[in-house]
Student: 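Let me give you the structure first, and then I'll get to my questions.
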Amino acid sequence: MENVKIIRSLDELFLYAHEVEQGAEFLPVKLEGSFPLSLHIEGESWDKRIDKRSAQYVIALQTAFDDMLEEFAPEAARDELLVKVETKEGSFISWADIDPILHKLVDKMDNWQAFTSVITGIAAISGYFWWNRYVAYREKVELEKERTKQIEEQEKTRQKEEEEATSQEEARQETLREAFKALQSRADAEPERYASYERPVRTIVKTLEEGDTVAMNDTEDKIPADIAKKCGPRRAPRSEEEITYADGCYVVNSRRYDEGEIVLELEQGNTQIKGYLWQFDENDREAFIASLDNHEKRDSLPFSMDLQINIIHTRRKLKHAVIIGEGAPREGKNCVPLDSILSR
């Protein structure tokens, strides 16, 4: 098929994202085959049965993908896109089917920036960044050892023979590792955006006991519990609430009283948000409700209103709107369209 990139595994997906970020032409992706995530924990207290620890991991996995869908495919029916997890023989081997979610996310990506953002998030959820930090830690330890001892000639010879015997698969793994390094660098540069996607792995790692090991997906490294707990993502800054002025014309889709007060369902552009009347004093509140009644009698729902609005939000999520008044935008306020607040 022309002008389409066929992807048959998660590894191919990560490698393609790396190629695109390095400047390769971006082609729409067509997924073929299955794309499971797996996690293998060995330890005396772990078996193939589900307990509180593994159940929390599954819930965190679903939550992470829900967050990703909210960010990249907000129109998706998240209640129908569920992570399906089965356990296999072993201390604890989970096998998560994410195919429906992955298809929904990738099908929405029509530009390279959005595509690499999505794949970075999936790499974070999968645990590959955790594994990558462990490998970097191990390499640092080995480097320190080499600095403190003289390498024997026999060891030099053995290493040379191993280098000469490097297989195609080992070379492929190294190429894949380079892709993870690049994607991880992207994630570490925006911890407020990507650190939360590592919550599923963080949830399970913090429950590991002394003597336990964990391995992510197809990696052969068994990471000891004490080291795994040191390999978490860069801590994201606290998502503090911000206020952005968003005066303008809004569509009032509905008017509800189910939260013990009047709540307006507002829409501007492609974004919907709840609007509250908290800021009004009693007189202004009555005047605004009277104006609302007149609009509804004259135009019926939905109808348009020019509103003065403060939007309460974090860097990733619009939380709600506080209606300040009705009329033209306030003088001296830098007002931003609702659709543009999170993209600034």
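Heavy atoms only: backbone and side chains are in, while hydrogens, waters and symmetry mates are out. Keep in mind that what you see is a predicted model, and the values were worked out from it rather than measured.
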Student: Report, as yes or no, whether the 6.0 Å neighbourhood of atom CD on Glu32 holds more than 12 heavy atoms from other residues, nucleotides or ligands.
Tutor: yes

Student: Roughly how far, to the nearest 0.5 Å, is CG of Leu277 from CD1 of Ile262?
Tutor: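 Atom-to-atom, Ile262:CD1 and Leu277:CG are 5.5 Å apart.
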
Student: With sequence neighbours excluded, tell me which residues meet side chain to side chain contact (heavy atoms under 4.5 Å, CB included) with Asp281.
Tutor: Asn283, Asp284

Student: Around atom CG of Asn111, are there more than 12 heavy atoms from other residues, nucleotides or ligands closer than 6.0 Å?
Tutor: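 Enclosed: over 12 neighbouring heavy atoms sit under 6.0 Å from CG of Asn111.
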
Student: Check for me, please, whether Ile59 and Leu37 land in the same ILVMFWY cluster - side-chain distances under 4.5 Å, paths through other members count.
Tutor: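 Result: no, two separate clusters.
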
Student: Just jot down the side chain to side chain donor-acceptor pair (under 3.5 Å) partners of Glu265, sequence neighbours excluded, or say none.
Tutor: Arg256

Student: Cluster question for you: counting only ILVMFWY and a side-chain heavy-atom cut-off of under 4.5 Å, with indirect links fine, are Phe115 and Leu27 together?
Tutor: yes

Student: So which heavy atom on Tyr194 is nearest to which on Ala124, and how close?
Tutor: O-CB, 4.3 Å

Student: Do the side-chain N and O atoms of Tyr197 and Glu71 include a donor-acceptor pair separated by under 3.5 angstrom?
Tutor: yes

Student: Go through the structure and list residues passing side chain to side chain donor-acceptor pair (under 3.5 Å) with Gln62, not counting sequence neighbours.
Tutor: Asp66

Student: First locate atom NE2 of His40, then atom OG1 of Thr213, and finally report the distance between them rounded to the nearest 0.5 Å.
Tutor: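 Here the rounded value is 7.0 Å.
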
Student: Should Arg49 and Ser54 be marked as a side-chain hydrogen bond (donor to acceptor under 3.5 Å, both in side chains) after you check the CA-CA gap, both sets of side-chain angles, and the distance that decides it?
Tutor: CA-CA 9 Å; Arg49 294 173 295 177; Ser54 46; over 6 Å; no

Student: Taking all non-hydrogen atoms of both residues, which atom of Leu301 and which atom of Ser254 are closest, and how far apart?
Tutor: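 Reported closest heavy-atom pair: CD1-CA, 4.1 Å.
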
Student: Can you list everything that forms a salt bridge (charged side-chain N to carboxylate O under 4.0 Å, His left out) with Arg298? Sequence neighbours excluded, please.
Tutor: none

Student: Please list every donor-acceptor pair under 3.5 Å in which a side-chain atom of residues 201-209 meets a protein atom from a residue at least two apart or in another chain.
Tutor:
residue, atom, partner, partner atom, Å
Thr203, OG1, Arg199, O, 2.7
Thr207, OG1, Ile204, O, 2.7

Student: Group every Ile, Leu, Val, Met, Phe, Trp and Tyr by side-chain heavy-atom contacts under 4.5 Å, then state whether Phe280 and Ile289 land in the same group.
Tutor: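 Yes.
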
Student: Is Lys317 atom NZ crowded by more than 12 heavy atoms from other residues, nucleotides or ligands, each under 6.0 Å away?
Tutor: no

Student: Could you check whether Asp188 pairs with Arg133 (Lys NZ or Arg NE/NH1/NH2 to Asp/Glu carboxylate O, under 4.0 Å)?
Tutor: yes

Student: Hey, mind stepping through Ser94 and Glu86 against side chain to side chain contact (heavy atoms under 4.5 Å, CB included) and telling me if it holds?
Tutor: CA-CA 6 Å; Ser94 71; Glu86 62 178 309; over 6 Å; no

Student: Under the salt bridge (charged side-chain N to carboxylate O under 4.0 Å, His left out) rule, collect the residues that match up with Asp226, sequence neighbours excluded.
Tutor: none

Student: Taking atom CG of Leu176 and atom CG of Asp11, what is their separation to the nearest 0.5 Å?
Tutor: 4.5 Å

Student: For Asp247, which residues count as a salt bridge (charged side-chain N to carboxylate O under 4.0 Å, His left out) partner, sequence neighbours excluded?
Tutor: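 In terms of salt bridge (charged side-chain N to carboxylate O under 4.0 Å, His left out), with neighbours along the sequence ignored, Asp247 is linked to Arg330.
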
Student: Assigning hydrophobic clusters by single linkage (Ile, Leu, Val, Met, Phe, Trp, Tyr; side-chain heavy-atom cutoff under 4.5 Å), is Phe288 placed with Val251?
Tutor: no

Student: The criterion is side chain to side chain contact (heavy atoms under 4.5 Å, CB included); which residues satisfy it with Asp97, sequence neighbours excluded?
Tutor: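 Expected list: Lys84, Asp99, Pro100.
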
Student: Salt bridge (charged side-chain N to carboxylate O under 4.0 Å, His left out) with Lys333: which residues, sequence neighbours excluded?
Tutor: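 So Lys333 forms no salt bridge (charged side-chain N to carboxylate O under 4.0 Å, His left out) with any residue.
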
Student: Going through the distances and angles, do Tyr16 and Phe26 end up as a side chain to side chain contact (heavy atoms under 4.5 Å, CB included)?
Tutor: CA-CA 9 Å; Tyr16 182 50; Phe26 173 69; 3.9 Å; yes

Student: Determine whether His103 and Lys30 make a side-chain contact, defined as any pair of heavy atoms from C-beta on separated by less than 4.5 Å.
Tutor: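 When only atoms from C-beta onward are counted, Lys30 and His103 do not touch, as no gap falls below 4.5 Å.
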
Student: Could you tell me whether Gln113 atom CD has more than 12 heavy atoms of other residues or ligands within 6.0 Å of it?
Tutor: yes

Student: Which atom names give the shortest non-hydrogen contact between Ile122 and Met68, and what distance separates them?
Tutor: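 Between these two residues, the closest heavy atoms are N-CE, 3.5 Å.
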
Student: Nearest heavy-atom pair of Val83 and Ala96: which atoms, and what distance?
Tutor: CG1-CB, 4.0 Å

Student: If hydrophobic clusters are built by linking Ile, Leu, Val, Met, Phe, Trp and Tyr wherever their side-chain heavy atoms come under 4.5 Å apart, do Trp131 and Ile93 end up in the same one?
Tutor: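 Not linked; separate clusters.
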
Student: Considering residues at least two apart in sequence or located in another chain, which fulfil the side chain to side chain donor-acceptor pair (under 3.5 Å) criterion with Glu286?
Tutor: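 None.
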
Student: Going by the rule side chain to side chain donor-acceptor pair (under 3.5 Å), which residues pair with Arg255 if we only count those two or more places apart in sequence or in a different chain?
Tutor: Tyr257, Asp293, Glu296

Student: Step through the shown structure and confirm whether more than 12 heavy atoms of other residues, nucleotides or ligands are within 6.0 Å of CG on Asn270.
Tutor: no

Student: Of all residues at least two apart in sequence or in a different chain, which pass the side chain to side chain contact (heavy atoms under 4.5 Å, CB included) check with Ser91?
Tutor: Glu42, Trp46

Student: Can you tell me if Glu44 has over 12 outside heavy atoms packed within less than 6.0 Å of its CD?
Tutor: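 Check fails, neighbour count at 12 or below.
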
Student: Between the side chains of Ser291 and Asn294, is a donor N or O closer than 3.5 angstrom to an acceptor N or O?
Tutor: no

Student: What I want to find out is whether Glu326 reaches Arg285 closely enough, with some N-O distance under 4.0 Å, to be called a salt bridge.
Tutor: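 No, this pair does not count.
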
Student: Taking all non-hydrogen atoms of both residues, which atom of Ala179 and which atom of Phe14 are closest, and how far apart?
Tutor: CB-O, 3.9 Å

Student: For Pro233 versus Ala195, what's the shortest heavy-atom pair and its separation?
Tutor: CG-O, 4.2 Å

